[in-house]
2 protein chains.
Amino acid sequence: MHAPSSPAPAPTLSLQEQLRRGNLFAEACPSREVLQHVTSRWGVLILVALLDGTHRFSELRRKIGGVSEKMLAQTLQALESDGFVLRTSFPVVPPHVEYSLTPMGTEIAGQVQTLADWIEHNLSTILQTRAARAEA
Amino acid sequence: MHAPSSPAPAPTLSLQEQLRRGNLFAEACPSREVLQHVTSRWGVLILVALLDGTHRFSELRRKIGGVSEKMLAQTLQALESDGFVLRTSFPVVPPHVEYSLTPMGTEIAGQVQTLADWIEHNLSTILQTRAARAEA
DNA sequence: CGGCATCCGAGTCGATACTG
DNA sequence: CAGTATCGACTCGGATGCCG
């Protein structure tokens with residue numbers, strides 16, 4: 001990144017730059033949608049949870065505190081349709097469904113976990129910042 | 001979780017493990033809130049945008065397609081109170097306010113951008129997955 | 001067991017108007 | 001220019017009930 005003192009920070013990125021990583025800033029770019037699935041409230045937790053390996057629906061529900069069936073199913077579908085999660089259904093009674101990460105899902109889940117780990121690691125600092133701000 | 005052949009897959013993570021990175025799964029953990037700020041729809045874009053350096057309010061508004069004033073102000077406040085964004089106000093007329101990343105903000109913004117970059121890099125694959133799924 | 005459909009309240013979001 | 005205030009639309013998310 002460029003120094004704070006840069007005098008002429010191109011007001012808009014070059015086209016090349018925008019194509020490389022910037023069309024995220026474009027309102028209509030589909031990447032925003034994918035990003036939303038991945039960074040959604042439950043999406044993050046599901047991805048990290050599945051890094052531990054295959055889980056059944058109810059296992060996930062128990063593991064992820066506070067998630068409802070509806071949101072779990074809904075988020076799993078979104079992640080599945082994006083190709084991050086693999087859903088395997090066994091036609092037995094009672095039904096048995098397993099969820100696991102695809103190779104692509106494993107990659108992104110790793111990134112997400114890195115982010116989550118960072119936050120947990122710095123959580124005390126963050127909370128102190130907030131507290132200090134509240135006093136002032 | 002259970003690898004097909006694993007004989008003794010600890011059903012729950014050890015306490016140590018849970019404290020190291022796992023209380024994210026606890027419903028009440030404040031880390032979830034911080035994570036929400038960072039991964040929120042506009043939070044992601046603001047952080048990445050500010051990686052390019054200091055921006056004024058209206059610069060951000062122009063740069064981030066589709067954001068409303070309200071959400072921009074609101075999200076900036078959240079990120080500021082978490083200590084990721086620094087707000088600098090110059091008491092002149094017309095008002096002049098600059099937003100930049102704190103050291104901590106720079107760190108996390110880097111992580112977020114890595115994530116965003118990964119998605120954009122793999123976007124075509126993702127969209128193909130979706131399309132294939134739509135056919136079937 | 002693993003969902004889907006429906007309903008409904010609470011919160012979020014965006015457009016507009018107004019203030020310092 | 002940089003917000004805040006207000007309001008309506010809309011979405012999110014939980015609870016319930018039903019079906020494979």
Side-chain angles (χ1 to χ4, degrees), chain A residues 9 11 25-28 32-46 49-50 54-82 85-100 133, chain B residues 1-2 11 25-29 32-46 49-50 54-82 85-100 133:
Chain A
F25 290 119
E27 197 170 352
R32 281 201 184 175
E33 198 182 334
V34 176
L35 194 62
Q36 264 316 105
H37 294 161
V38 169
T39 63
S40 68
R41 183 170 177 199
W42 305 116
V44 174
L45 299 179
I46 290 174
L50 288 180
T54 299
H55 284 66
R56 298 186 57 170
F57 187 86
S58 41
E59 284 176 343
L60 284 173
R61 186 148 158 56
R62 253 173 282 124
K63 185 166 189 169
I64 302 175
V67 69
S68 68
E69 293 172 38
K70 178 186 175 180
M71 294 302 6
L72 184 55
Q74 191 172 302
T75 310
L76 280 169
Q77 279 176 20
L79 293 176
E80 188 197 0
S81 82
D82 287 341
V85 164
L86 181 66
R87 179 183 185 276
T88 311
S89 161
F90 300 89
V92 298
V93 286
H96 184 115
V97 180
E98 291 186 345
Y99 293 93
S100 59
R133 163 166 304 284
Chain B
M1 177 82 62
H2 42 73
F25 289 120
E27 196 170 354
C29 183
R32 280 201 184 176
E33 198 183 335
V34 177
L35 193 63
Q36 265 316 105
H37 294 162
V38 169
T39 64
S40 69
R41 183 172 178 197
W42 305 116
V44 173
L45 299 178
I46 289 174
L50 288 180
T54 299
H55 285 66
R56 299 184 56 170
F57 187 86
S58 42
E59 284 175 342
L60 284 173
R61 184 145 159 58
R62 253 174 282 122
K63 185 166 188 169
I64 301 174
V67 69
S68 67
E69 293 173 35
K70 178 186 176 181
M71 291 320 298
L72 185 55
Q74 190 172 303
T75 309
L76 279 169
Q77 280 175 19
L79 293 176
E80 189 198 358
S81 82
D82 287 341
V85 164
L86 181 67
R87 179 183 185 275
T88 312
S89 160
F90 300 88
V92 298
V93 285
H96 185 118
V97 180
E98 291 185 347
Y99 293 93
S100 59
R133 165 167 304 284

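Letters A, B, ... are given to chains in the order of the sequence lines, protein chains preceding strands, and every chain is numbered from 1. Remember, it's a predicted structure, so these values are computed and weren't measured experimentally. Hydrogens, waters and symmetry mates are skipped; everything else that's a heavy atom, side chains included, is used.
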Round to a whole Å and report the spacing from CZ of A:R87 to C1' of C:dC1. 11 Å
Can you name the side chain to side chain contact (heavy atoms under 4.5 Å, CB included) partners of B:R87, sequence neighbours left out? B:E80, B:S89, B:V97, B:Y99
State, yes or no, whether a side-chain contact exists between B:I46 and B:L76 at a heavy-atom distance under 4.5 Å. yes
What pairs of residues pass the side chain to side chain donor-acceptor pair (under 3.5 Å) test when at least one of them lies in residues 34-43 of chain B, not counting sequence neighbours? B:H37-B:D82
Under 4.0 angstrom between B:Y99 side-chain N/O and D:dC1 OP1 or OP2: no
Taking atom C1' of D:dT11 as reference, at what distance in whole Å does atom NE2 of A:H37 sit? 14 Å
Taking only residues at least two apart or on different chains, which pairs with a member in residues 68-78 of chain A satisfy salt bridge (Lys or Arg N to Asp or Glu O under 4.0 Å)? A:R61-A:E69
Return the value, rounded to whole Å, for the distance between atom CD of A:Q74 and atom C1' of D:dT11. 10 Å
Which atom names give the shortest non-hydrogen contact between A:M71 and A:Q74, and what distance separates them? CE-NE2, 3.1 Å
C:dC4, D:dC1, D:dG3: which one has an atom nearest the side-chain heavy atoms of A:Q77? C:dC4
Atom CG of A:L72 and atom P of D:dA15 are separated, to the nearest Å, by 14 Å
Within this structure, what is the CD-to-P distance between A:E27 and C:dC13, rounded to whole angstrom? 15 Å
Axis-to-axis angle between the two ends of the helix from C:dC1-D:dG20 to C:dG20-D:dC1 (five base pairs per end, rounded to 10 degrees): 50°
For B:R56, give me all partners under side chain to side chain donor-acceptor pair (under 3.5 Å), at least two apart in sequence or on another chain. B:H96
Length of the CD-P vector between A:E98 and C:dG3, whole Å: 12 Å
Rounded to the nearest angstrom, tell me the gap between atom CZ in A:R56 and atom C1' in C:dG2. 9 Å
Rounded to whole Å, CZ of A:F57 lies from P of C:dG3 at a distance of 6 Å
Side-chain touch A:R32/B:L45, heavy atoms, less than 4.5 angstrom: yes
Would you check if A:L72 and A:L60 make a side-chain contact, meaning some heavy-atom pair closer than 4.5 Å? yes
With sequence neighbours excluded, tell me which residues meet salt bridge (charged side-chain N to carboxylate O under 4.0 Å, His left out) with B:E33. A:R130
Contact under 4.0 Å: A:S89 side-chain N or O vs C:dG2 OP1/OP2: no
What string of B, S and - do you get for nucleotides 14-20 of chain C, 5' to 3', when a contact is any protein heavy atom under 4.0 Å? BB----B
